[in-house]
A.B. asks: 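Take a look at the following structure, please.
Values below: all heavy atoms of this structure, side chains included; hydrogens, waters and symmetry mates excluded. All ligand and atom numbering here is 1-based and tracks the order in the structure.
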Amino acid sequence: MFIRENKLCASDEAITFDFEGQVIEARLGDTVASALLLAGVRITRTTPISGASRAPYCMMGTCFECLMTIDGQPDRQACLIIAKDGMKVQQQLMSPGSDHD
Ligand code: FES
């Protein structure tokens, strides 16, 4: 379970963005990955080799487990992207043996 540490919040201003048709509430300054984890979303992508589910791990841009399609652009690191009001976020799902879609 993830909780927000209020002392560290940059802002109390609320924003919302779309994740797979679901409205996600975040605060100005949240990254996409942190907002999704707080909302209970655990899967950001699947692997092209086995199709295994992956989730944000390092939260600092080194593991690449948080790759998502954000506003139509694939391979975005959700842990490094600041959530913006109205953005559209999708899981990056790949079947075994598939190329990028
Ligand atoms: S969670 Fe590791 S690169 Fe984003």
A.B. asks: Judged by atom type as modelled, is there a donor-acceptor pair below 3.5 Å linking the side chain of Asp71 to the main-chain atoms of Lys88?
C.D. replies: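 Pair found, side chain donor or acceptor close to backbone of Lys88.
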
A.B. asks: Would you find a donor on one side and an acceptor on the other, under 3.5 Å apart, between the side chain of Thr31 and the backbone of Ile81?
C.D. replies: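 No, the answer is negative, given that no donor and acceptor are paired below the 3.5 Å cut-off.
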
A.B. asks: Using a distance threshold of 2.8 Å, state whether an N, O or S atom of Cys66 lies below it from atom 2 (Fe) of ligand 1.
C.D. replies: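 Under 2.8 Å: Cys66 has no N, O or S contact with atom 2 (Fe) of ligand 1.
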
A.B. asks: How far does CG of Asp75 sit from CZ of Arg45, to the nearest 0.5 angstrom?
C.D. replies: 9.0 Å

A.B. asks: Does Cys63 bring an N, O or S atom to within less than 2.8 Å of atom 4 (Fe) of ligand 1?
C.D. replies: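 So Cys63 does not count as coordinating atom 4 (Fe) of ligand 1.
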
A.B. asks: Does ligand 1 have an atom that lies less than 4.0 angstrom from a heavy atom of Ala33?
C.D. replies: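 Contact absent.
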
A.B. asks: Counting from 1, what ligand 1 atoms have a heavy atom of Tyr57 closer than 4.0 Å?
C.D. replies: 1 (S)

A.B. asks: By number and element, which atoms of ligand 1 are closer than 4.0 Å to a non-hydrogen atom of Thr62?
C.D. replies: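 Numbered from 1, ligand 1 contributes 3 (S).
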
A.B. asks: Under 4.0 Å from a heavy atom of Met59: give me the atoms of ligand 1 that qualify, with their elements.
C.D. replies: 1 (S), 2 (Fe)

A.B. asks: Given the rule in the side chain to side chain contact (heavy atoms under 4.5 Å, CB included) test, do Ile24 and Leu36 qualify, once you have shown the distances and angles that lead to the verdict?
C.D. replies: CA-CA 7 Å; Ile24 301 293; Leu36 290 173; 4.0 Å; yes

A.B. asks: Are more than 12 heavy atoms from other residues, nucleotides or ligands located less than 6.0 Å from atom OH of Tyr57?
C.D. replies: no

A.B. asks: For ligand 1, which atoms, with element, lie under 4.0 Å from some heavy atom of Cys79?
C.D. replies: 1 (S), 3 (S), 4 (Fe)

